[in-house]
Amino acid sequence: SAHGTCGESVWSAPDVGMAKPPIVVPANVTATNHELCGQIQVTWEHPGDGAVYDVYRNTTSDTSTWTLVSNDQTTQSYLDSTGAVANPIVAEQVYYYWIIASNDCGNSDPTEAMVGAAVGDPGPVQDVFANGRCVSITVQWTPVSNADSYTLLKSSSGNLDSASVA
């Protein structure tokens, strides 16, 4: 009811309302670690409740210098990439990720940091040594990280244009 100099009004019609619980921290955060070429997939679980998510990244576990890499995201995953237009990652660099959920009740605390890294392209083959024998040639080299296989070319002139697969 309302109160004034001249009296009191009748009571209004009743209505029922419930307070929403505070927003919770996203759980089960994962990040791929040397599994994808040039990419890191970050995922998490959250009950939703109309939440959007901010994803933060840093090269150290220091939250005071983290960078916001995705904001107001509605899905519970984020794909970071060396090909991103803004804030691309560097392959083989270790990154720390945090997620903050937000809704009309406020922001959650950040998640615990999750570590991820992208696989990079193989580097160049180095320290190649060819040892000629009577009817064969033995070729050795220093193994290259991220290489699954090698292609060996042969040429009698030393020119790549005339080389063929050995």
Asker: Which atoms form the tightest heavy-atom contact between Pro26 and Trp44, and what is the distance?
Answerer: CB-CD1, 3.8 Å
Asker: Which heavy atom of Gln39 sits nearest a heavy atom of Thr32, and at what distance?
Answerer: O-OG1, 4.0 Å
Asker: Do the side chains of Leu153 and Val128 join up, straight or via other hydrophobic residues, at under 4.5 Å, putting them in one cluster?
Answerer: no
Asker: Starting from Ile40, can I reach Val115 by hopping between I/L/V/M/F/W/Y residues whose side chains sit under 4.5 Å apart?
Answerer: no
Asker: After noting the C-alpha distance and the side-chain angles of Asp80 and Tyr97, does the key distance pass the side chain to side chain contact (heavy atoms under 4.5 Å, CB included) rule?
Answerer: CA-CA 10 Å; Asp80 216 349; Tyr97 292 89; 2.6 Å; yes
Asker: Got a donor-acceptor contact below 3.5 angstrom from the Asp54 side chain to the Asp72 backbone?
Answerer: yes
Asker: Look at the side chain of Ser70 and the backbone N and O of Val55, then say whether any donor-acceptor pair between them is shorter than 3.5 Å.
Answerer: no
Asker: Within the distance-only criterion (no hydrogens, no angle test), does the side chain of Tyr95 pair as donor or acceptor with the backbone N or O of Val90 below 3.5 angstrom?
Answerer: yes
Asker: Hey, what do you get for CD1 (Ile23) to CG (Asp104), rounding to the nearest 0.5 Å?
Answerer: 8.5 Å
Asker: With side chains defined as the heavy atoms from C-beta onward, is the minimum distance between Pro47 and Val24 less than 4.5 Å?
Answerer: yes
Asker: Might you confirm whether atom CG of Asp121 has over 12 heavy atoms from other residues, nucleotides or ligands at distances under 6.0 Å?
Answerer: no
Asker: I need the Ile99 CD1 to Thr111 OG1 distance, nearest 0.5 Å.
Answerer: 5.5 Å
Asker: So, the side chain of Arg57 versus the backbone of Asn87: is there a donor-acceptor pair under 3.5 Å, distance only?
Answerer: yes
Asker: Can you find a pair of side-chain heavy atoms, one from Pro88 and one from Thr82, that are under 4.5 Å apart?
Answerer: no
Asker: Any chance you could pull the hydrophobic cluster mates of Val10, using side-chain heavy atoms under 4.5 angstrom and chaining through other members?
Answerer: none
Asker: So which atom in Gly132 and which in Ile137 form the shortest heavy-atom distance, rounded to 0.1 Å?
Answerer: CA-CG1, 4.2 Å
Asker: Please report the closest heavy-atom contact between Val25 and Asp109, naming both atoms and the distance.
Answerer: CG2-O, 3.6 Å
Asker: Is the ring pair Tyr56/Trp66 parallel, tilted or perpendicular, if the boundaries are 30 and 60 degrees?
Answerer: parallel
Asker: Begin with the C-alpha distance, continue with both residues' side-chain angles, and end with the deciding distance and a verdict on side chain to side chain contact (heavy atoms under 4.5 Å, CB included) for Val42 and Met114.
Answerer: CA-CA 9 Å; Val42 182; Met114 182 53 58; 5.8 Å; no
Asker: Evaluate side-chain hydrogen bond (donor to acceptor under 3.5 Å, both in side chains) for Asn58 paired with Thr65, printing each intermediate quantity in order.
Answerer: CA-CA 7 Å; Asn58 202 351; Thr65 59; 2.8 Å; yes
Asker: With a sphere of 6.0 Å drawn around CD of Glu112, does it hold more than 12 non-hydrogen atoms of other residues, nucleotides or ligands?
Answerer: no
Asker: On the 0 to 90° scale, with breaks at 30° and 60°, tag the Tyr96-Trp98 ring pair as parallel, tilted or perpendicular.
Answerer: parallel
Asker: Locate the shortest heavy-atom distance separating Ala117 from Val94; write the atom from each residue and the value.
Answerer: CB-CA, 4.2 Å
Asker: Would you kindly confirm whether Leu68 and Ile100 end up in one hydrophobic cluster when ILVMFWY residues are joined by side chain heavy atoms under 4.5 Å apart?
Answerer: yes
Asker: Please answer: with hydrophobic residues joined when any side-chain heavy atoms are less than 4.5 Å apart, are Val119 and Val144 in the same cluster?
Answerer: no
Asker: Do Leu152 and Val125 belong to the same hydrophobic cluster, where Ile, Leu, Val, Met, Phe, Trp and Tyr are linked whenever their side-chain heavy atoms lie under 4.5 Å apart, directly or via other members?
Answerer: yes
Asker: Measure across His46 and Tyr53 and return the closest heavy-atom pair with its distance rounded to 0.1 Å.
Answerer: ND1-OH, 3.2 Å
Asker: Got a donor-acceptor contact below 3.5 angstrom from the Glu45 side chain to the Asn28 backbone?
Answerer: no
